[in-house]
Amino acid sequence: MKTKDKISRLSVTDAAMEVIWELEKKHGELMFYQAGGCCEGTQPQCFEKGGYFPRMNDAMIGTINGFEFWIDRDLFEYWKYSHFTLDVLEGWGPGGFSLETPLGKTFKVNYKLFTAEELQNLDEVKRSE
């Protein structure tokens with residue numbers, strides 16, 4: 001969870017990483033976006049890089065295997081005090097736009113609140129313009 005003495009906002013389970021490697025082999029560079037509750041609810045979505053354009057002021061909270069993980073600006077305000085762990089489940093999510101869907105998988109995020117000490121030393125968040 002630490003990166004260069006800063007506390008990371010994002011991590012990934014081994015199971016999710018296996019799916020990401022499989023998707024990368026098939027699609028090339030990827031990106032993730034977690035919306036604030038539209039078609040896919042708040043499930044994280046995986047796209048080919050450039051397959052989704054973050055809105056103004058959305059938050060990029062980190063990278064997974066070098067791939068950006070963006071959060072809807074309103075959702076980030078709600079969850080900014082939490083660490084995100086990307087995981088994967090068997091089965092389909094509520095929609096089907098994400099690249100893991102044809103594999104019979106669904107990405108999900110588990111949240112853990114940061115401690116007061118961790119909040120003092122978090123990695124910076126990049127905002128879209």
Could you tell me whether R127 and E77 make a salt bridge, using a distance below 4.0 angstrom between a side-chain N and a carboxylate O? yes
Straight-line distance of [X] [atom1] to [Y] [atom2], nearest 0.5 Å:
X: T106; Y: E90; atom1: OG1; atom2: CD; value: 9.0 Å
X: R9; Y: E124; atom1: CZ; atom2: CD; value: 8.0 Å
X: E22; Y: L99; atom1: CD; atom2: CG; value: 11.5 Å
X: K108; Y: L86; atom1: NZ; atom2: CG; value: 10.5 Å
X: C46; Y: K105; atom1: SG; atom2: NZ; value: 14.0 Å
X: L30; Y: K49; atom1: CG; atom2: NZ; value: 10.5 Å

Contact summary for G51 and M31, nearest pair of heavy atoms: N-SD, 4.0 Å
What are the two closest non-hydrogen atoms of F69 and P44, and how far apart are they? CZ-CB, 4.0 Å
Less than 3.5 Å apart, any donor N or O on the side chain of K112 or N110 sitting next to an acceptor on the other? no
Does either side chain, that of E117 or that of T115, offer a donor lying less than 3.5 Å from an acceptor on the other one? no
May I have the step-by-step check of side chain to side chain contact (heavy atoms under 4.5 Å, CB included) for D123 and I7, ending in yes or no? CA-CA 6 Å; D123 271 345; I7 305 295; over 6 Å; no
Mind running ring-ring contact (aromatic ring centres under 6.0 Å, His included) on F32 and F107 for me, showing each step along the way? CA-CA 10 Å; F32 295 88; F107 284 121; 5.7 Å; yes
Determine whether H27 and F47 make a side-chain contact, defined as any pair of heavy atoms from C-beta on separated by less than 4.5 Å. no
The test is side chain to side chain contact (heavy atoms under 4.5 Å, CB included); show your working for E29 and F67 and say whether it passes. CA-CA 7 Å; E29 291 187 64; F67 306 130; 4.1 Å; yes
For T13, all residues meeting side-chain contact (heavy atoms from CB on, under 4.5 Å), sequence neighbours excluded: A15, A16, T85, D87
Cluster overlap L23 with L89, hydrophobic side-chain contacts below 4.5 Å: no
Parallel, tilted or perpendicular, as decided by the 30° and 60° cut-offs, for the rings of F84 and Y111: perpendicular
Step by step, work out the side chain to side chain contact (heavy atoms under 4.5 Å, CB included) result for F76 and D74. CA-CA 5 Å; F76 177 73; D74 298 325; over 6 Å; no
Which donor-acceptor pairs under 3.5 Å do the side chains of residues 53-66 make with protein atoms, sequence neighbours left out?
from: R55; atom 1: NH2; to: D72; atom 2: OD1; distance (Å): 2.4
from: D58; atom 1: OD1; to: R73; atom 2: N; distance (Å): 2.8
from: D58; atom 1: OD2; to: Y33; atom 2: OH; distance (Å): 2.7
from: D58; atom 1: OD2; to: R55; atom 2: N; distance (Å): 2.7
from: N65; atom 1: ND2; to: E24; atom 2: OE1; distance (Å): 3.1

